[in-house]
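First comes the structure, then the notes that go with it.
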Amino acid sequence: MAFIVRSGERSFRISPRLVESTEHEDHYLVLMDDSEHRLSVTRITPTHLSILLGNKSYNVEVERSGSDYRVTTRGEVFTFRVADEFLQSSEEASASGEAVITAPMPGLVVKILVSEGDEVRAGQGLLVLEAMKMQNEIPAPGSGTVREVPVQEGNTVMTGDILVVID
Amino acid sequence: MAFIVRSGERSFRISPRLVESTEHEDHYLVLMDDSEHRLSVTRITPTHLSILLGNKSYNVEVERSGSDYRVTTRGEVFTFRVADEFLQSSEEASASGEAVITAPMPGLVVKILVSEGDEVRAGQGLLVLEAMKMQNEIPAPGSGTVREVPVQEGNTVMTGDILVVID
Amino acid sequence: MNSIGKVLVANRGEIAIRIMRACREMGIESVAVYSDIDRTSRHVRYADEAYCIGPAPSIESYLRIDRVVETALESGCDAVHPGYGFLAENPGLPSACLDAGLVFIGPSARSMALLGNKTQARRMAVEAGIPIVPGTKEPLSDVREAEKAVEEMGLPVLLKAAGGGGGKGVRIVREASGLRSSLEQATAEARAAFDNPDIYIERYLERPRHVEIQVLADLHGNVVHLAERECSVQRRFQKLIEEAPSCALDGELRSRMGEAARKAVIASDYHNAGTVEFLLDSGGDFYFCEVNARLQVEHPVTELITGVDIVKEQIRIAQGLPLSFSQEDIDIRGSAIECRICAEDPVSFLPSTGTITELEEPSGPGVRLESGISEGYKVSLYYDPLIAKLIVWGRDRSEAIARMRRALEEYRIKGIHTTIPFHLKAMQSVQFVSGEYDTGIVQEIEHPETEIHIEIAAIAAAIVAGEEMAVELGGETEESRWKMLGRVGNGLHRAKW
Amino acid sequence: MNSIGKVLVANRGEIAIRIMRACREMGIESVAVYSDIDRTSRHVRYADEAYCIGPAPSIESYLRIDRVVETALESGCDAVHPGYGFLAENPGLPSACLDAGLVFIGPSARSMALLGNKTQARRMAVEAGIPIVPGTKEPLSDVREAEKAVEEMGLPVLLKAAGGGGGKGVRIVREASGLRSSLEQATAEARAAFDNPDIYIERYLERPRHVEIQVLADLHGNVVHLAERECSVQRRFQKLIEEAPSCALDGELRSRMGEAARKAVIASDYHNAGTVEFLLDSGGDFYFCEVNARLQVEHPVTELITGVDIVKEQIRIAQGLPLSFSQEDIDIRGSAIECRICAEDPVSFLPSTGTITELEEPSGPGVRLESGISEGYKVSLYYDPLIAKLIVWGRDRSEAIARMRRALEEYRIKGIHTTIPFHLKAMQSVQFVSGEYDTGIVQEIEHPETEIHIEIAAIAAAIVAGEEMAVELGGETEESRWKMLGRVGNGLHRAKW
């Protein structure tokens, strides 16, 4: 089975195969793009893996959140979307062109700075979200027209809730 | 429901009653021997309890091992046998007078120093158990006659295995 | 002498634990206060006694002077320590303590009120002959007044809360068109944070260094400074990294700034621990900003280079004891750095919430951790995102930097995002390592990805995804995950506990 | 100069991690070796590379010089650090390193062989004019020879392994009838621990203090001592608590003992880090015991009072660099204490094994932890029970004691028994607190129970038992326990993660 593992611009085709399982570790043969790697993998805690790639030692944390895998190693954090090779292509087809601005954190909508139909330019403030006692202005990721503002001042929002949709 | 909680010479009759359960804590009314206590209890991890007795704050670890409860608070460790008040009395009746010496740790029996029928005095070495590279002489807890030595030199034993029985 | 046998700590998180540790080492009992969602928090477990004083919003719990004082009396405390933040700079607390016969571990209400009002403090400095940054001497009454000040001083300017510090209620204004909305935001933040909406304005120095002097002053007229802290690594006026000593000071400048700090403390009739903040420009000129009339977040770097336990000294001073050392006894040994570990995204700095599911903390030579969290702790939106401080000591600055990098790599916090990756990049950045940096540094630090790390991470994600797919196909649910981990299986080797 | 870019650490547990930390801070790569059951151990995860060198028994893995050297060559290492224990005092390792073109981070094989043979070392001391404890100069050939020595010296006597230290192969003999069985046990232990069954005998001083001097010697003839460590808190010749400085030394005695230590180092042509052990009697006379030709377990207490990183100095010396300081640069600051955290019953000191299910580590001001464990780690019978070292620094000894007590109370290790409760009692004992103690102290420390603690503990046991009974009646099994914890239930409030 092969997976397409993507983070931002980077994309890897990875096919892990378990070749041996001993009392202390699992041995994998991993085909990554065109090269083959031999790995020993063992779990220290549910999300904490110790990986030996050849003999290089890596501590890796893998946390799943929905379809994203957040992976940390030596203090660097990567967020990957992992898809089965076949599912991948259908998903790509459904992606649309609009920009959906979602709440990056839970918080309180203290002020909305734009209305439906407004023209906005990249970096312009859309609304102010209060979280952890700080007022955070949420900027437009690009220029466009505000199509929808499904929240109101005073609303409490959770991470991922849609705040503004820009065409 | 009342429990008899015993550790060495000490014995308590304790009857805990859950009176209220909120989002953050449970409130207990505990009858201990003759006095009544009000407790707030919350679990931090599976074995780690935070207890407020009145307003006094205690961190308590409770680990169960068989019928024993090993409890740690502020670095002091207690091992309790907890029994339902009714089961308690039947258990007591079955206790006999012999001394059963069990392995205090897993290890290797490197030498047996006594034979069945030997008279031993308190403190006399019964056998040598090797564990963590140290040779440990297991002493007789009291004086008596060796009735049984169910292990042999070279045997590997686990914690709790019977080593010697003294009458 | 005021004998102190029991202290109420009117705070939460790492600073509450820091203070309780000092109490415990001094044989003093400590009493925690907490909001109901903090029932499982570490400071409640750390204290000898704990009292719930209200619901989660701090305005109904940690900011309630009346409840703090009542609880101190009810629990038989002799004294109250405010920590930093919350009530630490509210003169109402020392006043209420005085009325209730409690010792307040900090300055008097009078000096606090003087210094807490940033405009009065600036006037005090001018009178004492300490240089200040140009700006308004009174709070702004409205946006028109702000516009007038801008006309006089020119742009950019800084809007600052008169009622408190910690980066709350601060805005930089570079264009006249942004003045109104910035003032509104700053006012709202200042009201929420300090219950005081007053804002004043000063000229914004481009990229100065932010250097502060730690001072201790007892009730017998002894005033000693414990050298400086370099606090220029800031984002949105929130400090991220602090160090001591500063690369920008030599012995001579240290003496001059230390002397200015002592003057400010004496002029404001200040006692207990305090910090005098200065801006230092590239020409070596320094300007008084304000006095932080409390224990600072970053006090540990000073403790590591001087060997002085500042919290214990605070308690001793409050007991009426004279300082046990004079200025000559203070010598600086080595170099110390602090990284603030916040529950925030390391790139966007947006807050992150969740439950700490795993925690592995750094230690070993020269490493000190001040942490408010433990496994099972829930990071909520109600309180400050600062969850821990990682501090290191080294024989010299380069050892301290290497050590901090090593310690950051060891630190594993699962369940939330933290600023650890930012700090790691900072410790490897040319700017920080050279010591040639100013308050513009955060924008300059880059976040390159290490090729081998992204590859290993991608492989790990694929392996775990493959395993989870197998589990799902096998009909097992997410809920049985922990149970599954109890087995030794074919497939990914599992933790067995 | 021997440039070192990659080091193989021929050890495991906390000391392997200590050495790897030093390497990482110096920008040196580190390579771990491990036995198969150590695949999940922390040192394997900590290293940059890791190589399995055999099965669990150390004789087939950690004691295999051939595999260590092969692995160092295969992985491209320049140097090998042995830590303490295992091969640390086996001259075969430096010899094999020399032959393979690897730098050994420690003394030469020749000095190690001289000092490792305790009887030769005693002869060297006599020749250098350093006083020694009376005893045999050669290993005992049989029990008859031991009996003869006892006749000459009188009882009690001490049987000691000629091949190594660390309390292994040591027995005290107070009655002639116990001589034979003690000799057999000591011989068996010495053979297992050092692969050398030789035992020698010396007069047993009743209740001396055990004081050792840390020395650093470079390849350019510079020899500096870093003052003493007090190591009298021992049980069965295993140190439990160490501190620096010792209460029994003043500046004058420190200089004299330091000078004797330097003499021993020079007489044995020793370089790198070493420790000269002395017994100190109540009259202030000291006797040379031996030189530990390696890094000591308790080196951190010296690091905390001097600011010197001994492991880094070892690496610098091995690189051929001269010491960066002279005797005059060494000044002592404050007081440090180390408690050895062993996987043992705190009262009987019998070994305890199991999996670490929960771990909460102490931190805060003045606390340093050197730990080899993490959650999920399995403590087995194969290796030394020392799992971590807790070390504190204080401005004076009483602050250090208070701090140690506070840190011990914070330390939570679940899944095994540890010596933490013993250390807590020690920190509260009159004997330790007064500083007036000797090697008899462990027998004198009492273990009283605190009434309120036993009551709270009993209540907690009853509450948990009641809950478990309810769960069992409800038909849930032990296996679903973690799952159960995911729910908020009526009954005992549960962790929600």
Side-chain angles (χ1 to χ4, degrees), chain B residues 16-30 32 35-80 105-106 131-132 156 158-160, chain C residues 6-9 12 16-17 20-21 23-24 29-56 61 67 70-77 355-359 372-378 380 382 414-415 482-483 485-486 497:
Chain B
R17 191 160 64 85
L18 178 69
V19 290
E20 197 199 344
S21 210
T22 74
E23 194 192 336
H24 304 294
E25 60 195 335
D26 293 327
H27 294 277
Y28 279 87
L29 211 54
V30 174
M32 182 167 188
S35 45
E36 200 175 68
H37 303 280
R38 210 166 236 294
L39 273 75
S40 146
V41 181
T42 192
R43 238 181 184 141
I44 308 301
T45 70
T47 66
H48 181 190
L49 276 61
S50 163
I51 295 181
L52 297 180
L53 170 68
N55 289 95
K56 301 271 180 197
S57 177
Y58 298 94
N59 278 302
V60 184
E61 312 283 332
V62 184
E63 289 173 288
R64 186 177 176 174
S65 131
S67 57
D68 283 352
Y69 288 81
R70 189 175 157 81
V71 188
T72 311
T73 187
R74 282 267 180 113
E76 281 190 72
V77 187
F78 305 97
T79 303
F80 296 108
M105 59 196 163
M132 287 186 170
T156 301
M158 302 306 298
T159 305
Chain C
K6 199 171 187 177
V7 171
L8 183 141
V9 180
R12 64 182 301 285
I17 293 166
M20 290 172 190
R21 279 176 167 150
C23 290
R24 191 159 290 178
E29 285 190 280
S30 57
V31 173
V33 290
Y34 64 98
S35 72
D36 55 11
I37 64 157
D38 269 339
R39 171 64 184 86
T40 56
S41 288
R42 218 172 143 207
H43 77 289
V44 174
R45 296 190 278 118
Y46 206 96
D48 294 300
E49 294 176 31
Y51 293 79
C52 183
I53 54 165
S61 49
R67 294 227 174 116
E70 273 165 29
T71 306
L73 293 174
E74 181 191 340
S75 58
C77 285
T355 299
I356 309 293
T357 52
E358 278 182 38
L359 189 59
I373 62 171
S374 58
E375 286 189 4
Y377 176 77
K378 285 175 213 60
S380 78
Y382 286 104
K414 290 296 98 187
W482 265 102
K483 205 171 134 189
L485 292 163
W497 44 286

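As the structure is a computational prediction, the values presented were derived from the model and not from experiment. Here is the naming used below: chain letters follow the sequence lines, and residue numbers restart at 1 for every chain. The figures that follow rest on heavy atoms only: side chains count, while hydrogens, waters and symmetry mates do not.
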### Message
Nearest 0.5 Å, please: how far is NE2 in B:His24 from SG in C:Cys52?
### Response
8.5 Å

### Query
Looking only at atom types and distance, does a side-chain atom of B:Ser50 sit under 3.5 Å from a main-chain N or O of C:Thr40, one as donor and one as acceptor?
no

## Note on the structure
Heavy-atom closest pair (C:Ala47 atom, B:Ser57 atom, distance to 0.1 Å) is O-CB, 3.2 Å

#### Entry: Under 4.5 Å from a heavy atom of chain C, the part of B:Leu53 involved
neither

### Residue among B:Val60, B:Leu49, B:Ile44 satisfying side chain to side chain contact (heavy atoms under 4.5 Å, CB included) with C:Arg45
B:Ile44

### Message
Within this structure, what is the CD-NZ distance for the pair C:Glu29 and B:Lys56, rounded to the nearest 0.5 Å?
### Response
5.0 Å

### Task
Would you mind reporting whether C:Arg39 and B:Leu52 have side-chain heavy atoms less than 4.5 Å apart?
yes

### Query
Under 4.5 Å between any side-chain heavy atoms of C:Glu375 and B:His48, yes or no?
no

